[in-house]
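Scroll down for the structure; my scribbles are underneath it.
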Amino acid sequence: MNVAVIHGPNLNLLGVREPDVYGTVTLAEIDERIRALAEALGVEVTICQHNSEGAMIDAIQQAGCEADGIVINPAGYTHTSVAIHDALKAVPVPAIEVHLSNILAREDWRQRSMTAPACAGVIGGLGADSYLLALRGIVALVEAGR
Ligand code: DQA
């Protein structure tokens, strides 16, 4: 099984970006934890980070051809992107949306996710653990569908 993990814009700045909101863990550290869990679960992961919407859409389309499931943090595009929603709907593999922070406890405009309705589930508010739970979730979902 191969799971595509797609990080959205500004997540490359984790560690220094608004540490009061996102903590001090870096993206490299999160990726390390994802890879360790993937190995323990016996699945492969392909991880990427993109700041631009088009590159994220390309990554989703590629995952639709090459992966069995997607874990995605659309970051700022969560709240605005019809195109990422459409890309997630267009591919024949399930996705789980992830957020480090609890977007439902933040600004009004941040509480709405454009992309979540195109996903099988959403996990947020647990920092880096959100990704690890999402990986377990997508693996279970794909296995159940096989
Ligand atoms: C985020 C939440 C988004 O609202 C924000 O734009 C991000 C990160 C999170 O992981 O908590 O960039 O997706």
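Just follow the structure's listing: the first ligand is 1, and inside any ligand the first atom is 1. Please read these numbers as outputs of a predicted model, since none were measured by experiment.
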The answer for which part of Asn10 has a heavy atom under 4.0 Å from ligand 1 is neither
Notebook entry, point to check: Do you see a donor-acceptor pair shorter than 3.5 Å between the side chains of Tyr131 and Asn73?
Noted result: yes
min-distance protein heavy atom vs atom 9 (C) of ligand 1 -> Leu100 N, 3.4 Å
query: ligand 1 and Leu11, any nitrogen or oxygen pair closer than 3.5 angstrom?
result: no
For His79, the atoms of ligand 1 under 4.0 Å from one of its heavy atoms are 3 (C), 4 (O)
Can you find a non-hydrogen atom of Tyr22 under 4.0 Å from ligand 1? yes
closest protein heavy atom to atom 1 (C) of ligand 1 is His99 ND1, 3.7 Å
Query - Flag, side chain of Glu97 to backbone of Pro74, donor-acceptor distance under 3.5 Å - result: no
Check: His7 side chain, Cys48 main-chain N or O, donor-acceptor pair, under 3.5 Å: no
Ranked by distance from atom 11 (O) of ligand 1, the top protein heavy atom is Ser101 OG, 2.6 Å
For Arg110, the atoms of ligand 1 under 4.0 Å from one of its heavy atoms are 3 (C), 4 (O), 5 (C), 6 (O)
**Message:** Is any side-chain heavy atom of Leu126 closer than 4.5 Å to one of His99?
**Reply:** no
Q) Does the Gln49 side chain pair with the main chain of Gly8, one donor and one acceptor, at a distance under 3.5 Å? A) yes
Side chains of residues 117-125: which donor-acceptor partners sit under 3.5 Å, not counting sequence neighbours?
none

message: Looking at Thr78 and Ala75, would you say the former's side chain and the latter's main chain have a donor-acceptor pair under 3.5 Å?
response: yes
Under 4.0 Å between heavy atoms, the region of Ile103 that gets near ligand 1 turns out to be side chain
query: Should Arg17 be listed as contacting ligand 1, given a heavy-atom distance under 4.0 Å as the test?
result: yes
